Novice: 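Here you go, one structure.
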Amino acid sequence: MSRAFYVTTPIYYVNADPHLGHAYGTSLADTLARYHRLAGEETYFLTGSDEHGEKIAEVAASEGTTPQSVADRYSNAFRETWETIGFSFDQFIRTTDPHHCDVVQTILQRIYDAGQIEFREYEGLYCVGCERFLTERDMEGGKCRDHEREPERQKESNYFFKMSEHFEWLAETLEARPDLIRPERYRNEVLGMLRDESGLGDLCISRPKTRLDWGIELPFDSNYVCYVWFDALINYLTGIGYPDGPNFEKYWASAEHVIGKDILKPHAVFWPCMLRAIGLPPYRHLDVTGFWNVEGRKLSKSLGNAVSPLALKERFGFDALRYFLLRDLAFGSDSDFTEAALVRRINADLANNLGNLVSRTLNMTARYAGGTVPEPGPTGPDEQAIAQLAATTAAQVDESVRRCEPHHALECIFALSDAVNRYLEEQAPWKIAKEQADGWEKRVATTLYTSCQALRSLALLLAPFLPETAPVLLERLGIPDALESARLPDDAARWDALAPGTPTQKGAALFPRIEIEKSN
RNA sequence: GGCGGUGUAGCUCAGUCGGUUAGAGCGGCGGCUUCAUAAGCCGUAGGUCGGCAGUUCGAGUCUGCCCACCGCUACCA
């Protein structure tokens with residue numbers, strides 16, 4: 001029985017166009033999905049859009065249009081961008097899909113029947129300008145910060161999910177499963193939230209329609225709609241056919257959510273508690289990413305420095321961009337996106353190291369071996385060392401990907417490429433070919449054979465990270481179908497899979513070097 | 001304020017259970033080489049491991065205090 005793998009991106013809130021941060025999270029999930037597929041696991045990759053809630057209603061009101069049309073516009077922008085880029089998601093879910101709304105209502109009713117939802121009257125300070133209740137933080141000198149007016153004391157009744165009943169269980173679960181939330185610092189943060197109880201209580205899951213009607217109606221009270229987070233999180237279940245889809249159990253048991261650090265609390269606290277109330281086990285991993293700054297500044301709508309993923313794809317190619325994102329951001333930390341750093345990374349790793357290795361290997365194969373993978377002569381310790389390193393690298397990549405450390409996986413892969421460059425330098429087949437001493441042809445053949453095998457390993461290991469480039473490389477190695485039957489990590493460690501006699505093609509530069517521009 | 005994190009070569013960062021001369025990549029500099037994308041390879045950088053004190057035979061690696069920056073505590077990936 002093959003293993004399963006289920007990965008999700010956050011569902012993107014439809015009040016802005018896709019930017020670098022969205023592209024990063026989706027690239028990570030896409031890479032994980034591709035890796036696990038190549039590892040022979042039944043993989044399901046879900047992304048989508050989160051479309052309910054006040055902010056969308058506000059945007060619609062300000063534009064004089066309907067929330068649905070705002071949601072349609074941005075949801076399409078995300079879906080089309082992701083399709084253009086070529087992400088390998090299996091489904092693009094929308095929280096306004098009728099099926100999703102049905103599932104949300106089913107779950108609400110079930111939790112309600114189980115006594116996990118309570119109707120409570122709430123009295124607080126309501127700001128007419130904000131159209132919401134204020135907390136102390138929203139006020140200064142007794143007035144709303146935004147509107148500088150005194151809020152009114154109002155009563156409102158709402159439904160609350162008795163979330164706090166699950167906190168003890170959640171804390172124990174986090175203690176028992178150190179890799180549930182990773183990197184570890186975010187797990188610690190969540191434990192902190194649970195410990196000091198600052199502000200964390202039961203979760204208000206309703207909004208009266210008099211205030212907000214853009215949401216899913218509560219099945220047990222048509223005067224209310226569901227709080228947007230409660231609705232949104234459930235997409236992760238809807239997407240794989242909850243409650244009775246044939247694959248639901250299989251996928252849910254291997255669920256892995258990729259999120260940004262800004263939405264840690266809903267995913268690390270609300271969601272596990274909700275799942276427990278629903279009667280489901282928690283997800284397997286929550287992978288929390290850091291943020292990208294741009295040229296030293298925070299990514300922000302008001303600064304207008306949001307970087308369009310499509311524009312970057314146009315200029316640099318998506319494989320290169322994605323490589324930079326996954327390589328340069330230590331998983332979990334923040335990092336700075338600069339064009340200078342991007343160009344440096346592309347040139348140093350993709351052009352000089354990998355791309356040039358491909359060029360020189362395939363060029364020499366054409367020149368000294370008639371354009372086919374040569375029949376090797378006897379191998380020595382140098383060849384065995386390369387083969388050994390490929391095997392080690394495959395194992396390291398597997399481990400790193402499973403720990404959600406893409407930067408480390410890539411570091412290992414490029415160390416292999418680096419080692420092959422050095423190996424070539426030591427063997428110097430061009431020199432041997434020139435001197436033509438006894439048996440020179442066999443020696444050159446052995447060297448080129450070894451390099452070609454290494455390129456094959458590199459292409460397989462890179463396939464999840466560079467989905468456009470890896471197939472090109474495999475094609476040049478004369479094995480265009482290699483990915484169809486490949487199994488990572490073991491196949492990347494095989495050293496006999498590229499048969500002598502296989503025709504190779506030199507081709508153009510895989511990643512042309514980018515010359516320094518004075519654009520900024 | 002509270003909780004947490006970070007501070008290691010010019011830049012980005014690794015540094016497991018404390019132990020010989022503190023590492024990598026990039027950049028810079030010098031040399032070699034020409035199969036290759038002016039790419040590659042070799043050598044080099046002498047950094048008080050934020051500061052002070054302590055524990056120890058011995059601390060970047062543990063303890064305390066201090067300084068700086070950052071995150072969370074408030075539904076922007």
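All figures in this text were calculated on a predicted structure; none of them were measured in a lab.
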Novice: Remember a base hit wins even if backbone is also touched, and classify A:Y186 as base, sugar-phosphate or nothing at under 4.0 Å, heavy atoms.
Specialist: nothing
Novice: Among A:T95, A:N235, A:D231, exactly one meets side chain to side chain donor-acceptor pair (under 3.5 Å) together with A:H100. Which residue is that?
Specialist: A:D231
Novice: Quick one: which of B:C76, B:C72, B:C41 gets closest to the side chain of A:K55?
Specialist: B:C76
Novice: Answer with base, sugar-phosphate or nothing: what part of the nucleic acid does A:R185 contact at a heavy-atom distance below 4.0 Å?
Specialist: nothing
Novice: Write down the partner of B:G58 under the Watson-Crick or G-U wobble criteria, each distance required to be under 3.5 Å.
Specialist: none
Novice: When you compare B:G46 with B:U6, how far apart are their C1' atoms, in angstrom units rounded to a whole number?
Specialist: 26 Å
Novice: Please tell me which of the listed nucleotides, B:C35, B:C75, B:U37, lies nearest to the side chain of A:L510?
Specialist: B:U37
Novice: I'd like a table of donor-acceptor pairs (distance under 3.5 Å, sequence neighbours excluded) in which one partner is a side-chain atom from residues 400-407 of chain A, with atom names and distances.
Specialist:
| residue | atom | partner | partner atom | Å |
| --- | --- | --- | --- | --- |
| A:S400 | OG | A:Q396 | O | 2.9 |
| A:S400 | OG | A:H408 | ND1 | 2.9 |
| A:R402 | NE | A:D398 | OD1 | 3.2 |
| A:R402 | NE | A:D398 | OD2 | 3.2 |
| A:R402 | NH1 | A:E41 | OE2 | 3.2 |
| A:R402 | NH2 | A:E41 | OE2 | 2.9 |
| A:R403 | NH1 | A:E399 | OE2 | 2.9 |

Novice: Send over the distance from A:D262 CG to B:C70 P, rounded to a whole Å.
Specialist: 19 Å
Novice: Does B:C76 have a Watson-Crick or wobble partner in any strand here, with both distances under 3.5 angstrom, and which is it?
Specialist: none
Novice: Answer yes or no: does a side-chain N or O of A:R367 lie under 4.0 Å from OP1 or OP2 of B:A36?
Specialist: yes
Novice: Tell me which nucleotide, if any, is Watson-Crick or G-U wobble paired with B:U20 when both distances must be under 3.5 Å.
Specialist: none
Novice: Only pairs with both distances under 3.5 Å count, Watson-Crick or wobble alike; so what is the partner of B:A53 in this structure?
Specialist: B:U63
Novice: Can you measure A:L264 atom CG to B:A77 atom C1' for me and round it to whole angstrom units?
Specialist: 13 Å
Novice: For A:G25, report the nucleic acid contact type (base, sugar-phosphate, nothing); a contact means any heavy atom under 4.0 Å.
Specialist: nothing
Novice: Choosing from B:A77, B:C35, B:C75, which nucleotide comes nearest the side chain of A:W292?
Specialist: B:A77
Novice: B:U16 C1' sits how many Å from A:Q396 CD, rounded?
Specialist: 15 Å
Novice: How is A:I259 classified with respect to the nucleic acid when contacts are heavy atoms under 4.0 Å: base, sugar-phosphate, or nothing?
Specialist: sugar-phosphate
Novice: Centres of the A:W229 and A:H267 rings: under 6.0 Å?
Specialist: yes
Novice: Between B:U20 and B:U55, how far is it from one C1' atom to the other, in whole Å?
Specialist: 22 Å
Novice: Contact between A:F78 and A:T47 at the side-chain level, heavy atoms closer than 4.5 Å - yes or no?
Specialist: no
Novice: For B:A36, does either OP1 or OP2 sit under 4.0 Å from a side-chain N or O belonging to A:N363?
Specialist: yes
Novice: Can you tell me how far P of B:C26 sits from CD of A:E339, to the nearest Å?
Specialist: 22 Å
Novice: With under 30° as parallel and over 60° as perpendicular, where do the rings of A:Y12 and A:W82 fit, or are they tilted in between?
Specialist: perpendicular
Novice: Give me the ring orientation class for A:F324 and A:F337: parallel if the planes are under 30° apart, tilted from 30 to 60°, perpendicular past 60°.
Specialist: perpendicular
Novice: For B:A9, which nucleotide is its Watson-Crick or G-U wobble mate, given both distances must be under 3.5 Å?
Specialist: none
Novice: Output the single nucleotide from B:U37, B:C75, B:U33 whose closest atom is nearest the side chain of A:A509.
Specialist: B:U37
Novice: In whole angstrom, what separates A:L191's CG from B:C3's P?
Specialist: 15 Å
Novice: What I want to check is whether an N or O donor and acceptor connect the side chain of A:N352 with the base of B:A39 at under 3.5 Å.
Specialist: no
Novice: Sticking with atom C1', work out how far B:G30 lies from B:A77, rounded to a whole angstrom.
Specialist: 46 Å
Novice: If you only use heavy atoms from C-beta on, which nucleotide in B:C26, B:A77, B:U34 is closest to the side chain of A:Y13?
Specialist: B:A77
Novice: Could you work out which one of B:A77, B:U37, B:C35 sits closest to the side chain of A:I263?
Specialist: B:A77
Novice: For A:Y368 and for A:Y12, locate the closest nucleotide of RNA chain B by heavy-atom distance; then report the residue assigned to the nucleotide nearer the 5' terminus.
Specialist: A:Y368
Novice: Flag as yes if A:Y24 stacks onto the base of B:A77 (centroids under 5.5 Å, planes under 30°), otherwise no.
Specialist: no
Novice: Starting at CG of A:N347 and ending at P of B:G40, how long is that distance when rounded to a whole Å?
Specialist: 10 Å
Novice: Give me the distance, rounded to whole Å, that separates B:U44 from B:U61 when you measure between the C1' atoms they each carry.
Specialist: 28 Å
Novice: Can you identify which nucleotide, out of B:C72, B:U37, B:C41, has its nearest atom closest to the A:S359 side chain?
Specialist: B:U37
Novice: Counting side-chain heavy atoms from C-beta on, which of B:C42, B:A39, B:C35 comes nearest to A:R422?
Specialist: B:C42
Novice: Mind checking who B:G4 pairs with, Watson-Crick or G-U wobble, both distances under 3.5 Å?
Specialist: B:C70
Novice: Tell me, yes or no, whether the heavy-atom count around A:R360 atom CZ, taken from other residues, nucleotides or ligands under 6.0 Å, exceeds 12.
Specialist: yes
Novice: Pick base, sugar-phosphate or nothing for A:D50, based on heavy-atom distances below 4.0 Å to the nucleic acid.
Specialist: nothing
Novice: Pick the C1' atom in B:A45 and in B:C11, then give their distance to the nearest Å.
Specialist: 13 Å
Novice: Start at the 5' end of RNA chain B and walk down; is the nucleotide closest to A:F291 or to A:N353 reached first?
Specialist: A:N353
Novice: Look at atom CD of A:E426 and say whether more than 12 heavy atoms of other residues, nucleotides or ligands are closer to it than 6.0 Å.
Specialist: yes
Novice: Nearest whole Å is fine: how far is B:U34 C1' from A:E425 CD?
Specialist: 9 Å
Novice: So what's B:G43 paired with, Watson-Crick or G-U wobble, going by both distances under 3.5 Å?
Specialist: B:C29
Novice: From CD of A:E405 over to P of B:A14, roughly how many Å is that when rounded to an integer?
Specialist: 11 Å
Novice: Verify the contact: side-chain N or O of A:R513 to OP1 or OP2 of B:A39, cut-off strictly under 4.0 Å; return yes or no.
Specialist: yes
